[in-house]
Amino acid sequence: MGKARILQNKTYLYLTEFFAGMSVMAVELGASRLLAPYFSSSQIVWTIIIGTIMIAMALGNIYGGRAADKNPAPDRLYRRMVIAAVWIAAIPVVGRYIILGISALLIFTVDSGFLIAAAFAACMVIFVFPLFLLGTVTPSLVKYTVDSLEDNGKTVGMLNAANTIGSILGTFLPTFVTIPAVGTSATFLIFAGILLLLSVIYFVSAKGGARGAVIGVLLFLACCLFGRSDSFAFWENDLLYEGESVYNYLQVKENENSVILSTNVLFGVQSILKKDGGLTGMYYDYALAAPLMAGVHEKERMEALILGMGTGTFASQCRRYFPQMQTEGVEIDEKITQLARTYFELPEDTPVATYDGRAYLQATDRKYDVIMVDAYQDITIPFQMSSVEFFTMVKNHLKRDGVLVVNMNMRGTKEGSINEYLSDTIASVFSSVVTVDVPGSTNRELFASASPDMLDVMQDNMALTPDSGLVDLMGRVAQGLSAYTPGGYLMTDDKAPVELLGMQVIDELIRDEAAYYRKIYEKDGLRGLLDQL
């Protein structure tokens, strides 16, 4: 009697469909943020997430339809929703440990495509089962809501509309509201709680199945207690800041010499502040050759634009060594700019536009003496900032003797690497292109200009540089510079496979690093490996 009463109200069933659709999309977006610190949030990772979720939903649709025909009791549907809710709520508790466990296993068994294999395995283990259960919702609800063949089209249409509208909200709410406001972990808990509440309402109204609902509520509360942490780097105890923005997972750490920003990956340095105000020992120092190539000491005022400002490391270096140089930056993530002001001593009078770098160039007609391109989306440069069309736009925003400097952070060794593609693309636009490798890193700096005299100008301006430490460094940079001979690898707006090219280099780096530990494991076993770590 109770069951029939609640199911006679189709509004409740439409609400079930609405919130099920919303939760699926919320979990999908939460999955991308959960995986980003470990595997990046590149198009490849997104493809894996979407693909595995589609597999889960398709299998759930098939199973749900057969189960509803075999036994149409709605108890079974709402029991599956309880299980799905508890599983989703458990993701913040155990998800990161599963990811690290899978990664540790695969790094010793997979020779190529590590990130793809690890991300796919993590998605399959963590997300397929609960979304398979949610995939059973629609065919089951069709069974309960279709009363006759006369209005079945209308009823199914209403269910699909409810699911679609829920999915739309489930797309926007996590991205713009819950993840920036309360984090990924809380987002999983919020949408798991919604699913659980729907199920509890059903079982209370039906006056049955209370035991399963109570167990589900207790498990959910336990997950809320133990899964509230928004820390992805749970082994770190000395982070100044760890949080999330609309675009990135963000981590600020400090040691006795530096303050460091990392984004989306749990290793690497995206920006750095040296507490003594000196040279960083990184590619930012090598990029200081660009103002010299543009004749900084021969001009009363020089203007520079930094696309991918980060926390302003390069801008701060320019400010220190070239006082006549005015810098402005473009940074798409406003939260990074806020961190720059708080932790990295970025002056308030250094303007930073919250914008995409290419869109910014389209919106301004200003010309600059130096433009630095240091915009990275996780593991690689955004495709829209890697094409012939983009670098043509950069050239049009440089003065006649202006210089472009590009940080290329993954120096591959194979022919057809991402850096070769970038270099060839830039060389198709600029007549003078030189590169230099940054020692002790995978970075390579590329300098390009329409002026054939930029190296001579650099030598002249080095002689005018008062700081002896910078002069010594620039001498080493000059010795390492080599003219770039272009090939035929070009990227355009229509074809710029930066994610695949970047993944190839990442695989190469991981394979080289893993080889060392594999040898230890083969020789001394697990104990030897643990001792080494």
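The shown structure was predicted, so the numbers you read here are calculated from the model rather than taken from an experiment. All residue numbers in this chain count up from 1 along the given sequence.
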Show the numbers, then the answer: is there a side chain to side chain contact (heavy atoms under 4.5 Å, CB included) between Q384 and F390?
-> CA-CA 7 Å; Q384 74 272 18; F390 168 72; over 6 Å; no
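- Considering every non-hydrogen atom in both A118 and I102, the closest pair reads O-CG2, 4.0 Å.
- Inter-residue side-chain proximity for Y247 and I332 is flagged as met; some heavy-atom pair is nearer than 4.5 Å.
- Looking at residues two or more places apart in sequence or on another chain, you find a side chain to side chain donor-acceptor pair (under 3.5 Å) between S245 and D333.
- T16 pairs in a side chain to side chain contact (heavy atoms under 4.5 Å, CB included) with only one of the listed residues (T11, L141, L159), which is L141.
- Residue I48 comes nearest to F120 through the heavy atom pair CG2-CA, 3.5 Å, listed as atom of the first residue, atom of the second, then distance.
- Two residues are said to be in side-chain contact when any heavy atoms from C-beta on lie closer than 4.5 Å; K335 and L250 meet this criterion.
- Between the T52 side chain and the I49 main chain, a donor and an acceptor come within less than 3.5 Å of each other.
- How far CD1 of I91 is from CD1 of I99: 9.5 Å, rounded to the nearest 0.5 Å.
- Residue M393 places its CE atom among more than 12 non-hydrogen atoms of other residues, nucleotides or ligands, all under 6.0 Å distant.
- Here the straight-line distance linking atom OG1 of T442 with atom CG of N419 works out to 8.5 Å at 0.5 Å rounding.
- Applying the ring-ring contact (aromatic ring centres under 6.0 Å, His included) rule to F129 yields the partners W87; only residues at least two apart in sequence or on another chain are considered.
- Side-chain atoms of I272 and T311, non-hydrogen and from C-beta on, never get closer than 4.5 Å to each other.
- Side-chain contact between Y343 and L273 is absent, with no heavy atoms from C-beta onward closer than 4.5 Å.
- Once rounded to the nearest 0.5 Å, the distance linking OG1 of T425 with CE of M491 reads 4.5 Å.
- Distance check: S387 OG to K495 NZ gives 14.0 Å after rounding to the nearest 0.5 Å.
- Under the 3.5 Å distance criterion, the side-chain polar atoms of S386 are matched with a main-chain donor or acceptor of F383.
- Between V259 and F344 there is a side-chain heavy-atom pair separated by less than 4.5 Å.
- For T313, the side chain to side chain donor-acceptor pair (under 3.5 Å) test picks out no residue, with sequence neighbours left out.
- Remark: Y489 engages Y421 in a ring-ring contact (aromatic ring centres under 6.0 Å, His included) (not counting sequence neighbours).
- Every residue was checked against the salt bridge (Lys or Arg N to Asp or Glu O under 4.0 Å) condition with R76, not counting sequence neighbours, and none meets it.
- Put simply, CG on L35 and CD1 on I126 are 6.5 Å apart, with the number rounded to the nearest 0.5 Å.
- For E254, the salt bridge (Lys or Arg N to Asp or Glu O under 4.0 Å) partners are K275, not counting sequence neighbours.
- Residues R96 and P92 come closest through the heavy atom pair NH2-O, 3.2 Å.
- Around the OH atom of Y63, the shell of radius 6.0 Å holds no more than 12 heavy atoms that belong to other residues, nucleotides or ligands.
- Pairs engaging residues 128-145 under the salt bridge (charged side-chain N to carboxylate O under 4.0 Å, His left out) rule: D69-K143 [sequence neighbours left out].
- Checked against side chain to side chain contact (heavy atoms under 4.5 Å, CB included), L29 has the following partners two or more places apart in sequence or in another chain: W46, T171, P174, T175.
- Using a 4.0 Å cut-off between charged nitrogen and carboxylate oxygen, D493 and R358 count as a salt-bridge pair.
- Closest non-hydrogen pair, M57 versus G135, comes out as CE-CA, 3.8 Å.
- Taking CZ from F19 and CG from L169, the interatomic distance works out to 9.0 Å, rounded to the nearest 0.5 Å.
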Any chance you could lay out the side chain to side chain donor-acceptor pair (under 3.5 Å) test for Q251 and T263, step after step, and finish with the verdict?
-> CA-CA 6 Å; Q251 182 189 98; T263 62; over 6 Å; no
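- Side chains of Y360 and Q362: no donor on one and acceptor on the other come within 3.5 Å.
- Among residues two or more places apart in sequence or in another chain, the side chain to side chain donor-acceptor pair (under 3.5 Å) test is passed with T187 by T178.
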Step-by-step side chain to side chain contact (heavy atoms under 4.5 Å, CB included) determination, L198 to M81 | CA-CA 8 Å; L198 280 170; M81 289 179 60; 4.1 Å; yes
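- Residues satisfying the side chain to side chain contact (heavy atoms under 4.5 Å, CB included) test with L59, not counting sequence neighbours, are I55, F132.
- For V93, the side chain to side chain contact (heavy atoms under 4.5 Å, CB included) criterion is met by C223, F226, not counting sequence neighbours.
- The side chain to side chain donor-acceptor pair (under 3.5 Å) search around T138 returns E17, not counting sequence neighbours.
- In this structure, L195 and A85 approach most closely via the heavy-atom pair CB-CB, 3.9 Å.
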Under the side chain to side chain contact (heavy atoms under 4.5 Å, CB included) criterion, do V217 and V200 qualify, and how do the steps go?
-> CA-CA 9 Å; V217 170; V200 169; 3.9 Å; yes
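- No more than 12 heavy-atom neighbours from other residues, nucleotides or ligands sit within 6.0 angstrom of CG on D494.
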Stepwise side chain to side chain contact (heavy atoms under 4.5 Å, CB included) check, M282 with N443 = CA-CA 9 Å; M282 301 172 65; N443 294 83; over 6 Å; no
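- The minimum heavy-atom distance between C224 and L189, with the atom names listed, is CA-CD1, 4.0 Å.
- The shortest distance between side-chain heavy atoms of V182 and I190 falls below 4.5 Å.
- Ring orientation note: the planes of F203 and Y78 are nearly perpendicular, at an angle over 60° on the 30°/60° scale.
- Side-chain contact between L346 and V352 is present, with heavy atoms from C-beta onward closer than 4.5 Å.
- Side-chain atoms of S140 and R80 form a donor-acceptor pair, as typed in the model, at a separation below 3.5 Å.
- Here the side chains of V406 and F391 are in contact, with some heavy-atom distance below 4.5 Å.
- Counted by atom type alone, Y355 and E331 present zero donor-acceptor pairs between their side chains at under 3.5 Å.
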